[in-house]
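Inspection log for the structure reproduced underneath, given as structure tokens.
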Amino acid sequence: MDTSEIEKAKSHIIVEIIQYIPNAVLSKTIIKKTTGNITASSFDAGEELADKTSPFDNYIQIIDGTAEIIRKNPFGT
């Protein structure tokens, strides 16, 4: 995953920030702060994001295609 931010003070078109790669998940950090990050990701069909725990809320916006999103409770309740 690319952890560098995109260029600041410039307009960006989100679908042009990241590309689709066959059989892969690709991520690009848009904003990286101590209070949380914003990352754009592309997923090929059948690919999934690995489980992770984060102290921050997650925001997901589907721009193209469809997705199944499963929220897992880290505390098992």
Spell out, yes or no, whether Leu49 and Phe56 are grouped together once hydrophobic residues are joined by side-chain heavy atoms under 4.5 Å, including indirect joins.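 They do not share one cluster, since no chain of ILVMFWY contacts under 4.5 Å joins Leu49 to Phe56.
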Same hydrophobic cluster for Val25 and Tyr20, using side-chain heavy-atom links shorter than 4.5 Å among ILVMFWY?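 No, no single cluster joins them.
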Tell me who clusters with [X], hydrophobic residues only, linked when side chains sit under 4.5 Å apart either directly or through other members.
X: Ile62; result: Ile60, Ile69
X: Tyr59; result: none
X: Leu26; result: Ile18, Ile21
X: Ile70; result: none

Any donor-acceptor pair under 3.5 Å from Ser42 side chain to Gln19 backbone: yes
Could I get the full list of side-chain hydrogen bond (donor to acceptor under 3.5 Å, both in side chains) partners for Asn58, not counting sequence neighbours? none
Separation of [Y] [atom2] from [X] [atom1] (nearest 0.5 Å):
X: Ile30; Y: Ile38; atom1: CD1; atom2: CD1; result: 6.5 Å
X: Ser41; Y: Ile17; atom1: OG; atom2: CD1; result: 11.5 Å
X: Ser27; Y: Asn37; atom1: OG; atom2: CG; result: 11.0 Å

Contact between Thr39 and Lys28 at the side-chain level, heavy atoms closer than 4.5 Å - yes or no?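 Side-chain contact under 4.5 Å: no.
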Could you list the residues that satisfy salt bridge (charged side-chain N to carboxylate O under 4.0 Å, His left out) with Lys33, not counting sequence neighbours?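 With sequence neighbours excluded, Lys33 shows a salt bridge (charged side-chain N to carboxylate O under 4.0 Å, His left out) to no residue whatsoever.
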